[in-house]
Amino acid sequence: MAVAPGLEWIDREYFTRVLETYLHADVTVQRYELAAGCPGGQNFMSAIVRATVHYTLASAKPEGPPETVSLIVKTKLSNPELAEGADQLNVFGIEKNVYGAVLKAVRELLTSFGDCTQFAPRFIYEDEHALVLEDLAAKGYRQPDRRARLDQPHMRLIVQKLAKFHAATAVLGRKNRDLFNELGSSSFSTEGNPIHLFYTYAIDHCIDQTERVPELRQYTDSLRSFLDHAIDREAKSYECDKAGFNVLNHGDMWLNNLLWKYDSDGAVTDVIMVDYQESFYGSPAFDLSHLLYSSANSELQRAGFDELVQLYADELRDALRQFKYDGPLPDLERVRSEMASKRDHALIVTTCIVPPLILENSELATPENMVGDHEEAVRAREEIFSNPKFIEILTILLPRLIGDEVANKG
């Protein structure tokens, strides 16, 4: 991979600084190779580069072979307008805060209870250019086929881990509320946020599909009404009820931001969450809704949500007890009530997040195509939103999300 425009600062000297800061030793970088860190159309807030760096330590024997490390470098998008939008949202500031002070506090809390659960890749280095993280692919972590979405074993594992993460941050929020001061509110409502245009176009294209597909026509008016106030209603999903039960939300909890480990028989054994650039402090139902509606496969979306919500509630209470939470423990009814309060966000996830996720050709879902008004962008979105697999998902989820509203109108 040649160094792309805007990435000219990536050179041997840069990786020397990274590794010397991380290893606390004198390092000589022999060479490095760069590759795209994720497929096109799968990241809207940052550019991701995978770097394989070959280096020697000053203390090593001169005749010894160089050591090799694989790193993930997260930096700004090459598109100036989108990069400016990400700057306004402070995505790098948020992620630096989470990878730094917050996850350090989480590790210390878990360690004090003899728990070594890992929620995120190791944080290696940061400066004005980028965040540098360990490459979990080097440890065997990978993503399954995103288009198939997640089956029950995958979903049970991530629901359990998410519940433990939420529990740990709830405990920390009671002990040291200042830890989350900079994450107390989302930047979603920031004027000029490119996501607003993305969501507006996406819902509009979904309305087109409900007009085209006979079994979906009953939802057209409800979606039109939702579109008129979608951004304001979604902004409320991020609001924190200071008197309620609050946690640090990952903020973008879908399968693109999950990496999985498997045993020799192919059974899933662990999951790690990545991309904390939209994290905020608020109701845990935001993350849980985002995960269920974006990433569970059609079988689970038809009949598996209740079991997964029950599992989350049980795991959350167990972890809160484990970490000595000193407030009231949320029960299943409380979790269900919180989920109901985030129905608008679930509808945003269904209509806006899912279509690019299940696309055969992910290259179509570039940021430029999702927010552009030129002819090529409009054609790309029409292909994305008319995908038969997405139409199937709408037939499953729209009755759950706005079926009562339609029935009441009838």
Side-chain angles (χ1 to χ4, degrees), residues 17-24 45-46 48 71-76 86-136 161-188 190 238-242 244-253 257-259 271-284 286-287 316 319-320 322-327:
R17 289 198 305 276
V18 170
L19 292 178
E20 288 188 341
T21 301
Y22 179 57
L23 299 173
H24 304 290
M45 291 292 183
S46 58
I48 301 178
L71 306 171
I72 294 295
V73 181
K74 297 190 65 175
T75 186
K76 293 181 181 181
D87 282 345
Q88 291 175 346
L89 300 178
N90 191 33
V91 295
F92 281 101
I94 292 169
E95 196 159 27
K96 288 175 183 179
N97 190 349
V98 175
Y99 273 113
V102 173
L103 284 172
K104 180 176 183 290
V106 168
R107 284 194 302 273
E108 290 173 350
L109 173 69
L110 265 64
T111 300
S112 71
F113 289 97
D115 191 318
C116 59
T117 302
Q118 182 180 357
F119 296 109
R122 186 174 292 113
F123 184 31
I124 289 175
Y125 179 82
E126 59 96 357
D127 62 13
E128 72 276 13
H129 293 300
L131 285 169
V132 182
L133 308 166
E134 71 171 326
D135 181 7
L136 290 169
K161 179 158 275 194
L162 181 63
K164 181 176 282 193
F165 177 74
H166 283 169
T169 58
V171 170
L172 291 171
R174 300 276 290 192
K175 290 184 174 181
N176 179 15
R177 182 63 182 83
D178 291 345
L179 182 65
F180 301 109
N181 277 349
E182 296 181 24
L183 303 165
S185 61
S186 166
S187 57
F188 175 81
T190 302
Y238 291 88
E239 291 179 356
C240 178
D241 176 5
K242 293 183 179 179
F245 177 77
N246 294 298
V247 305
L248 182 68
N249 281 272
H250 175 280
D252 196 13
M253 179 52 55
N257 293 330
L258 302 171
L259 296 173
V271 59
I272 297 290
M273 303 181 292
V274 299
D275 284 353
Y276 289 80
Q277 56 199 17
E278 297 181 50
S279 295
F280 71 98
Y281 195 69
S283 168
F286 187 98
D287 268 354
L316 180 67
L320 288 169
Q322 176 188 352
F323 302 140
K324 309 298 183 187
Y325 182 70
D326 63 358

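These numbers come from the heavy atoms of this one structure, side chains and all, not from hydrogens, waters or symmetry mates. Predicted, not measured: the structure shown is a model, and the values here were computed from it.
Between the Thr169 side chain and the Val247 main chain, no donor and acceptor come within less than 3.5 Å of each other. Judged by distance alone, the side chain of Asp287 and the main-chain N or O of Asn249 form no donor-acceptor pair under 3.5 Å. Side-chain atoms of Glu95 come within 3.5 Å of backbone N or O of Tyr276 as a donor-acceptor pair. The closest donor-acceptor contact from the side chain of Lys161 to the backbone of Val271 lies under 3.5 Å. No side-chain donor-acceptor contact under 3.5 Å links Asn97 to the backbone of Gly100.
One finds the CG atom of Leu248 at 5.0 Å from the OG atom of Ser279 (value rounded to the nearest 0.5 Å). The CG atom of Leu103 sits 9.0 Å away from atom CZ of Phe119, with the distance rounded to the nearest 0.5 Å. The CG atom of Leu71 lies 6.0 Å from the CG atom of Leu19; values are rounded to the nearest 0.5 Å. Note: Leu133 CG to Tyr99 OH = 4.5 Å, rounded to the nearest 0.5 Å. A distance of 15.5 Å separates CZ of Arg174 from NZ of Lys324, quoted to the nearest 0.5 Å. To the nearest 0.5 Å, atom CE of residue Met273 and atom CG of residue Asp252 are 12.0 Å apart.
With a 4.5 Å cut-off on side-chain heavy atoms, Lys74 and Asp275 count as touching. Side-chain contact between Ser283 and Asp241: absent, with no pair of heavy atoms (C-beta onward) separated by less than 4.5 Å. In this structure, Phe123 and Leu131 have side chains that are in contact, with non-hydrogen atoms separated by less than 4.5 Å.
Looking at every heavy atom in both residues, Gln118 comes nearest to Leu136 through NE2-CD2, 4.4 Å. The shortest heavy-atom contact between Ala170 and Leu320 is CB-CD2, 4.1 Å. Ala168 and Leu110 get closest at one heavy-atom pair: CB-CD1, 3.8 Å.
Side-chain atoms of His250 and Asn257 include no donor-acceptor pair closer than 3.5 Å.
Take Glu128 and apply the side-chain hydrogen bond (donor to acceptor under 3.5 Å, both in side chains) test, not counting sequence neighbours, and it matches no residue. Remark: Tyr22 pairs with no residue by the ring-ring contact (aromatic ring centres under 6.0 Å, His included) rule, at least two apart or across chains.
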Inset, instruction - Take Ile94 and Glu182 through the test side chain to side chain contact (heavy atoms under 4.5 Å, CB included) and record every step on the way to the result. - result: CA-CA 8 Å; Ile94 292 169; Glu182 296 181 24; over 6 Å; no
Inset, instruction - Could you give me the CA-CA distance, side-chain angles and deciding distance for Phe280 and Phe286, then say whether ring pair (Phe, Tyr, Trp, His ring centres under 6.0 Å) is met? - result: CA-CA 10 Å; Phe280 71 98; Phe286 187 98; 4.9 Å; yes
Legend entry - Full working for ring pair (Phe, Tyr, Trp, His ring centres under 6.0 Å) between Tyr325 and Phe245: CA-CA 11 Å; Tyr325 182 70; Phe245 177 77; 5.8 Å; yes
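Environment of CD in Gln322: crowded, with over 12 heavy atoms of neighbouring residues, nucleotides or ligands closer than 6.0 Å.
Using bins of under 30°, 30° to 60° and over 60° for the plane-to-plane angle, the ring pair Tyr281/Phe180 lands in the parallel bin.
A cation-pi geometry, defined here as NZ or CZ lying under 6.0 Å from the six-membered ring centre and within 45° of its normal, does not hold between Arg17 and Tyr125.
Listed by first and then second residue, the salt bridge (charged side-chain N to carboxylate O under 4.0 Å, His left out) pairs involving residues 100-124 are Lys104-Glu108, Asp115-Lys164, Arg122-Glu134 (not counting sequence neighbours).
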